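See structure below.
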Amino acid sequence: MQTLKRTLNDHIAQELEAITGLASVNANVITSSKREFGDYQANGVMALAKQLGRNPRELGAELIARLESGKLPLVERYELAGPGFINIHLSSEALSQRANEILASPELLIASTDTPLTIVVDYSSPNLAKEMHVGHLRGTIIGDCISRVLERQGHRVIRQNHVGDWGTQFGMLITFMRESDASKDVALADLETFYRAAKEKFDSDPEFATRSREAVVKLQGGDEETLNAWRSFIDTSLTHCQAVYDKLNVTLTLGDLKPESFYNPELHSVVERLESAGLLSESEGARCVFLDEFKGKDDKPLPVIIQKSDGGYLYATTDLAAIDYRSHALNADRSLYVVDARQSLHFQQVFAVAAAAGFSSPSISLEHISYGTMMGSDGKPFKTRSGDTVKLVELLDEAVTRAFALVTEKNPGLDEDERHEIATAVGIASVKYSDLSKNRTSDYVFDWSTMLSFEGNTAPYLMYAYARIKSLLAKQIDAELQGRLLLNPTAFNEPEEKLLLVKALQLAETIEAVGQDCFPNTLSNYLYELAGVFMRFYEACPIQGAAPEIRSHRLALCLLAAEALKQGLELLGINTLERM
Ligand code: ARG
């Protein structure tokens with residue numbers, strides 16, 4: 001089932017092409033800004049008329065004549081407006097038919113793509129030397145939302161958790177682990193504290209530092225015993241990550257891991273390939289690539305460092321190997337990197353070097369899906385009062401605790417287990433939603449009170465809206481109506497009915513946009529608007545006491561809205577509750 005917008009856009013573009021003889025015309029169909037302009041508007045006529053030196057209203061009239069003669073069943077009427085806008089009013093009949101098909105098979109609410117691609121999504125990707133902290137929140141949940149959306153569209157999504165499991169820090173950590181009196185599990189129970197203690201020792205005890213460096217050499221040399229210690233450390237650290245993913249309802253599993261160390265065997269050949277492509281030069285003992293397009297201050301060329309003077313490889317080297325793998329072994333059409341905006345230069349450089357050296361195939365689209373920083377109320381990156389980084393697990397636990405207090409206050413009568421269940425869902429959802437509802441490219445201020453509010457564009461508001469519709473349906477749908485709820489094209493009485501219908505069907509095109517541009521806030525904004533449209537419908541269109549055919553028509557609309565809310569929230573990684 002093609003989305004409404006695409007159906008209109010493709011059809012109108014075709015007709016414009018037929019009229020003008022041009023090859024690819026942009027009909028520029030958008031959702032109408034005002035109700036009186038219809039459900040959609042085609043705004044492409046003006047630009048086209050300008051390009052052809054024609055009168056836009058005349059071209060518009062010609063277009064409408066053609067559109068009317070081979071009319072899409074979806075459209076009730078077209079209307080020429082202003083300097084050459086085409087207002088499009090959709091047919092309640094066709095919309096109802098579409099909705100009824102969806103009510104019978106709810107998965108049709110979101111269109112499958114005609115062109116399934118292989119899409120790599122690199123996300124979360126924490127450094128395993130430390131525990132996941134709030135800085136990992138955004139990448140983890142934005143990446144997860146994008147993965148869910150793309151998968152739901154029918155793309156083949158390959159998640160890649162590019163964890164940092166290699167580098168000199170691990171020599172220090174395994175040495176500290178081996179020399180600790182406590183058992184491994186006890187020592188590593190709090191990775192953050194463990195890391196800090198190890199670092200302190202490293203900085204203050206030169207012999208320990210030497211033993212740590214020796215461990216690195218052994219590790220790189222493949223010494224079995226050292227490797228075992230390293231693996232054991234990594235395993236524990238991964239267990240910490242997995243616990244966070246499970247709490248967050250994030251779809252990453254151990255199977256999605258492609259750690260930095262996976263690429264170690266390739267790094268030597270990365271250097272050789274750059275060398276034979278004539279891209280390497282020596283700078284201060286290190287081997288670097290300089291590309292003309294990257295200049296720093298004073299117009300000095302910026303290096304991409306590939307190999308240090310001591311032979312060690314760098315972050316960029318591994319990323320080049322990873323691009324080669326994703327491009328040529330995984331055959332990805334798109335490779336998305338959901339990573340902090342502060343790494344933007346790194347990705348620009350690595351993508352450019354990869355293209356120059358043929359690590360990326362010409363057809364792959366490498367995309368840095370960047371995001372801003374989560375700030376505290378002081379406007380600085382979110383920290384504890386004492387200035388330490390905040391562990392992600394602790395933040396999530398706090399969210400649940402706060403949600404529990406809230407649920408208890410709202411609903412003291414519920415039994416405790418149920419309040420716990422609701423609090424867990426609402427607390428985590430609030431943290432996720434408040435993040436996903438912001439434009440990912442900006443920084444945002446983390447604020448408990450707004451995210452946990454039942455008013456405004458928040459998870460509690462939407463989850464509650466959903467639960468309310470469900471309880472309404474449960475109350476109103478009797479045995480006679482069960483399984484027979486249908487929209488009825490002759491039962492539209494109030495404008496709010498059609499507005500809700502169109503809005504619910506627009507989930508499909510919203511998802512299409514998110515799959516393309518990877519902005520989850522497009523989806524959350526849509527859901528917030530949908531809930532608002534529903535509330536207006538609910539006020540304007542009484543259900544109880546309405547004539548039977550109107551009642552079932554309106555209940556069918558409720559069902560469709562609930563379905564859109566549920567599927568939309570699920571793609572944000574938020575599970576709905578039937579009762580709240
Ligand atoms: N581990 C890196 C960090 O914590 C993020 C890795 C992102 N992915 C990549 N392919 N570079 O900053």
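What you see is a predicted model; the values in this text were computed from it and never measured. Every number for a ligand or one of its atoms is a count from 1 in the order of the listing.
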Closest candidate by heavy atom, reference atom 2 (C) of ligand 1, pool Ser124, Ser125, Ser335, Ala322: Ser125
Phe176/Phe202 aromatic ring centres below 6.0 Å: no
Ligand 1-proximal atoms of Tyr263, by part, heavy-atom distance under 4.0 Å: neither
Among Ser360, Ser335, Ser361, the one residue meeting side-chain hydrogen bond (donor to acceptor under 3.5 Å, both in side chains) with Ser327: Ser361
Ligand 1 versus Asp319: contacting region, heavy-atom distance under 4.0 Å: side chain
For atom 12 (O) of ligand 1, closest protein heavy-atom neighbour: Gln343 NE2, 2.8 Å
Closest protein heavy atom (residue, atom, distance) for atom 6 (C) of ligand 1: Tyr315 OH, 3.2 Å
Ionic contact status for Asp190 with Lys391, cut-off 4.0 Å: yes
Atom indices of ligand 1 within 4.0 angstrom of Tyr337 heavy atoms, with elements: 10 (N)
Presence of salt bridge, Asp205 and Lys201, under 4.0 angstrom: yes
Close approach of Glu260 to ligand 1, heavy atoms, under 4.0 angstrom: no
Qualifying residue for ring pair (Phe, Tyr, Trp, His ring centres under 6.0 Å) with His368, from Tyr337, Tyr123, Phe351, Phe347: Phe347
Proximity of His162 and Tyr263 rings by center, below 6.0 Å: yes
Min N/O separation Asp122 to ligand 1 under 3.5 Å: yes
